[in-house]
Amino acid sequence: MINSIKQLLRTLFKLILFFLLASMSTALLVLGIHLWSDTTQKLNAMEETFTTIATIAQREDSIEITGMWDAASQSYTNFTHLVYNTIIPEAVLEFDSC
């Protein structure tokens, strides 16, 4: 450990580069923590302010099952995919009471 610090002190470029990279990584860490904290506070404030009165979910038109060969188990693995062929019109979102 002491030898590596002595080696860094002998080469000025490596020393400057080391401190520059260390300070940049520290700055990015502090910035990330600050953004995470700020976002958490804003989400909590929005949850206290707004109320969800309804949600809309489109039902699938059909379910498609596809098989994929799994070479490790030497068998087919089935996957289900929801298929949506129709689009809900925007008129559904218009309520008379609003």
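Hydrogens, waters and symmetry mates are skipped; everything else that's a heavy atom, side chains included, is used. Throughout, numbering of the chain's residues begins at 1 and tracks the sequence.
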Point to revise | Check: Asp70 side chain, Thr77 main-chain N or O, donor-acceptor pair, under 3.5 Å | key: no

Exercise for review: Determine whether Ile87 and Gln58 make a side-chain contact, defined as any pair of heavy atoms from C-beta on separated by less than 4.5 Å.
Suggested key: no

**Study point:** Lys42 NZ to Thr40 OG1 distance, which is reported to the nearest 0.5 Å
**Key:** 11.5 Å

Practice item. Heavy atoms only: give me the nearest Val83-Glu64 pair and the separation to one decimal. Key: CG2-CB, 3.8 Å

Review point. Rounded to the nearest 0.5 Å, what separation is found between the CG atom of Asn44 and the OG1 atom of Thr39?
Key: 11.0 Å

Point to revise | His34 NE2: over 12 foreign heavy atoms closer than 6.0 Å | key: no

Point to revise | Check: Ile65 main-chain N/O paired with Asn78 side-chain donor or acceptor under 3.5 Å | key: no

Point to revise | Inter-residue atom distance Glu47.CD - Thr52.OG1, 0.5 Å rounding | key: 9.0 Å

Review point. Between CG of Leu31 and CE of Met24, what distance do you get to the nearest 0.5 Å?
Key: 12.0 Å

**Study point:** Atom pair CG/CG of Leu21 and Leu17 - distance to nearest 0.5 Å
**Key:** 4.5 Å

Practice item. Would you indicate whether the side-chain heavy atoms of Ile33 and Leu29 approach each other to under 4.5 Å? Key: yes

Exercise for review: Report, as yes or no, whether the 6.0 Å neighbourhood of atom CH2 on Trp69 holds more than 12 heavy atoms from other residues, nucleotides or ligands.
Suggested key: yes

Check your understanding: OH of Tyr84: more than 12 outside heavy atoms within 6.0 angstrom?
Key -> yes

Check your understanding: Do Thr26 side-chain atoms and Ala22 backbone N/O form a donor-acceptor pair below 3.5 Å?
Key -> yes

Point to revise | Glu90, CD: over 12 other non-hydrogen atoms inside 6.0 angstrom | key: no

